[in-house]
Amino acid sequence: MLVVGYFSAKEKDFVARMDAAAAELAARGARVVGRFVQRRGVSAGGVRKMASPYSSRTVLGSGKVREVAAAREATAADVVVFVRDLTEFQQHALAEILGCPAVSLSGILVAD
C-alpha cells in the first residue's frame, strides 16, 4: 500500500502525521511500500491558496498524481491511502487514474 498526504505549508508536523499514519496501518497488518507528500503554500504563488487542494478531482497536482501512479505500478500496491479525507467523487477519480482503490485513512480506522 502507498500512503499519500496533502498538507498546507503552515502544517509543520506533516512528517509526524505521515509516520503516525504508516504506523496505524502497519499495526493493522498493512505493508506500506511508499509514501508521498504534496505540500501547498511553499512557494509565493501557493500561499494564497494554501487551504485549497490542487485539484478538486484528485486533491493533488497532476505531476504528483503521475508520480503516485508510477509508484503504484512499480510496487504493485493494491491500495492508496490518503491521510486526509477524500470525497466519493475523488475516490472514484483517483481509483480510475491509479488503477487501484484510493481510500481515506479515517475510513480504514473507522472500519476497524
Side-chain angles (χ1 to χ4, degrees):
M1 116 180 353
L2 300 175
V3 179
V4 178
Y6 175 83
F7 304 100
S8 158
K10 290 181 179 181
E11 295 180 67
K12 303 301 182 196
D13 66 339
F14 71 94
V15 173
R17 289 187 61 197
M18 290 293 289
D19 289 344
E24 286 281 349
L25 293 165
R28 287 165 170 72
R31 187 170 78 92
V32 176
V33 296
R35 297 186 198 188
F36 296 87
V37 172
Q38 175 86 67
R39 295 191 70 210
R40 182 99 192 225
V42 177
S43 67
V47 171
R48 293 184 309 276
K49 300 176 183 178
M50 266 199 291
S52 303
Y54 276 97
S55 163
S56 60
R57 183 171 178 249
T58 64
V59 179
L60 308 172
S62 59
K64 188 62 72 175
V65 171
R66 285 192 301 272
E67 186 180 341
V68 173
R72 203 244 16 112
E73 189 172 322
T75 62
D78 57 352
V79 67
V80 177
V81 178
F82 283 74
V83 174
R84 296 217 180 228
D85 289 339
L86 297 173
T87 65
E88 192 171 320
F89 174 76
Q90 290 165 335
Q91 288 176 2
H92 289 294
L94 285 162
E96 184 177 315
I97 294 166
L98 300 174
C100 71
V103 299
S104 302
L105 177 63
S106 63
I108 291 173
L109 300 181
V110 169
D112 284 349

Item to complete: Determine whether Ser104 and Leu86 make a side-chain contact, defined as any pair of heavy atoms from C-beta on separated by less than 4.5 Å.
Response: yes
Discussion item. Which heavy atom of Arg72 sits nearest to which heavy atom of Leu98, and what is that distance?
Written reply: NE-O, 2.7 Å
Item to complete: Of all the heavy-atom pairs spanning Arg84 and Tyr6, show the shortest one and how long it is.
Response: NE-O, 2.8 Å
Worksheet item: Within a strict 4.5 Å, meaning less than it, do heavy atoms of the Gln38 and Val4 side chains meet?
Response: no
Discussion item. For the CG atom of Leu60 and the CD atom of Gln90, what is their distance to the nearest 0.5 Å?
Written reply: 9.0 Å
Worksheet item: Looking at Asp78, Leu94, Val80, which hits side-chain contact (heavy atoms from CB on, under 4.5 Å) with Cys100?
Response: Val80
Discussion item. To the nearest 0.5 Å, what is the distance between CD1 on Ile108 and CZ on Arg28?
Written reply: 8.5 Å
Fill in: Min side-chain heavy-atom separation Met18-Phe7 under 4.5 Å
yes
Worksheet item: For Val68 and Leu2, which heavy atoms make the closest approach, and how far apart are they?
Response: O-CD1, 3.8 Å
Worksheet item: Any donor and acceptor pair, going by atom type alone, linking the side chain of Arg39 with main-chain N or O of Ala9 inside 3.5 Å?
Response: yes
Worksheet item: Less than 4.5 Å apart, any side-chain heavy atom of Ile97 and any of Thr58?
Response: yes
